Amino acid sequence: MLLSSSAALLAADRELIITRNLPAPRHLVFAAWSSAEHQVHWMGPKDFTVPSCEIDFRVGGAYRACIRSPEGQDYWMRGHYREIVTPEKLVFTFAWEEDGERGLENLVTIQFADLGDSTRMVFRQAPFQSSAERDSHHGGWSECFDRLAAYASRAATH
């Protein structure tokens, strides 16, 4: 019993879960994740830009994008789409790319629930090598989702 409790704590320590209610219909929020045309407007933490974003949005398809910090530092990410259930669920791999080398890969699962004029998005990413790595991603994704909420809200009113 103690071992399974410890294993559950360890698993929880290596998983990031962020739940957000976004002020836009589900189809718009899902579309924001599915094309480069949308992602360049919100991907990355506050004040970051997206100078490059390529998406082959299909199961087995790949994506690769660069986010640029206000100081001009580039951060590349890449992965493959594993499951796409439009507009309910999206599963893809995620890895940072440093010096052209792919880093440790983890899995991102996002579920989108229809709340009428808004959408509940449950974002899960795991496993992380440490709670510090998980917490670093929490900060980045949280700012990114603030930008997604603002972008989706503007898209919903136009």
Side-chain angles (χ1 to χ4, degrees), residues 11-20 22 24-114 119-156:
D13 196 40
R14 302 219 173 152
E15 180 179 27
L16 171 63
I17 301 172
I18 300 174
T19 301
R20 287 286 183 101
L22 301 168
R26 180 168 64 170
H27 74 277
L28 283 178
V29 175
F30 190 87
W33 281 95
S34 66
S35 77
E37 174 182 294
H38 291 295
Q39 283 198 13
V40 297
H41 295 284
W42 63 269
M43 185 57 77
K46 181 181 178 191
D47 298 326
F48 277 56
T49 59
V50 182
S52 179
C53 185
E54 297 175 6
I55 294 177
D56 179 11
F57 194 69
R58 61 182 173 83
V59 173
Y63 69 91
R64 184 170 186 253
C66 176
I67 57 174
R68 181 171 292 154
S69 74
E71 297 78 26
Q73 177 70 42
D74 288 345
Y75 301 91
W76 287 89
M77 63 185 99
R78 63 196 273 185
H80 289 88
Y81 295 101
R82 296 261 180 97
E83 183 178 354
I84 298 170
V85 181
T86 305
E88 299 171 8
K89 185 178 182 183
L90 180 60
V91 180
F92 59 90
T93 60
F94 178 95
W96 290 113
E97 188 178 288
E98 295 181 21
D99 300 323
E101 297 292 322
R102 185 183 204 151
L104 181 67
E105 184 175 86
N106 54 34
L107 193 65
V108 172
T109 301
I110 309 169
Q111 293 182 301
F112 306 90
D114 184 8
T119 302
R120 176 168 291 137
M121 182 180 77
V122 179
F123 174 94
R124 295 176 181 268
Q125 185 175 15
F128 289 100
Q129 291 183 309
S130 67
S131 58
E133 181 184 17
R134 178 203 61 207
D135 293 347
S136 173
H137 277 251
H138 182 273
W141 282 119
S142 292
E143 289 184 16
C144 189
F145 296 157
D146 290 344
R147 295 179 68 194
L148 172 59
Y151 176 73
S153 177
R154 285 191 308 273

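A quick note: this is a predicted structure, and the numbers were derived from the prediction, not measured.
For D146, the salt bridge (Lys or Arg N to Asp or Glu O under 4.0 Å) partners two or more places apart in sequence, or in a different chain, are R20. H41 pairs by the ring-ring contact (aromatic ring centres under 6.0 Å, His included) definition with Y151, not counting sequence neighbours. Residues passing the salt bridge (Lys or Arg N to Asp or Glu O under 4.0 Å) test with K89, sequence neighbours excluded: E83. Partners of D74 according to the salt bridge (Lys or Arg N to Asp or Glu O under 4.0 Å) rule, which considers only residues two or more places apart in sequence or in another chain, are R68. Residues passing the side chain to side chain contact (heavy atoms under 4.5 Å, CB included) test with A150, sequence neighbours excluded: R154. For D56, the salt bridge (Lys or Arg N to Asp or Glu O under 4.0 Å) test picks out R58, with sequence neighbours left out. Annotation: side chain to side chain contact (heavy atoms under 4.5 Å, CB included) contacts of Q73 (sequence neighbours excluded): S69, Y75. Here F128 pairs with H137 under the ring-ring contact (aromatic ring centres under 6.0 Å, His included) rule; sequence neighbours left out. Residues forming a side chain to side chain contact (heavy atoms under 4.5 Å, CB included) with H80 (at least two apart in sequence, or on another chain): A62, T93, R102.
Within the structure, salt bridge (Lys or Arg N to Asp or Glu O under 4.0 Å) contacts touching residues 119-130 (residues at least two apart or in different chains) are E15-R124. Residue pairs that meet the salt bridge (Lys or Arg N to Asp or Glu O under 4.0 Å) test with at least one member in residues 125-136, sequence neighbours left out, are D13-R134.
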Review item, side-chain donor-acceptor pairs of residues 138-145, under 3.5 Å, at least two apart:
| from | atom 1 | to | atom 2 | distance (Å) |
| --- | --- | --- | --- | --- |
| W141 | NE1 | Q125 | OE1 | 2.8 |
| S142 | OG | H138 | O | 2.7 |
| E143 | OE1 | K46 | N | 2.9 |

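Taking CZ of F92 as the start and CD1 of I110 as the end, the distance is 4.5 Å to the nearest 0.5 Å.
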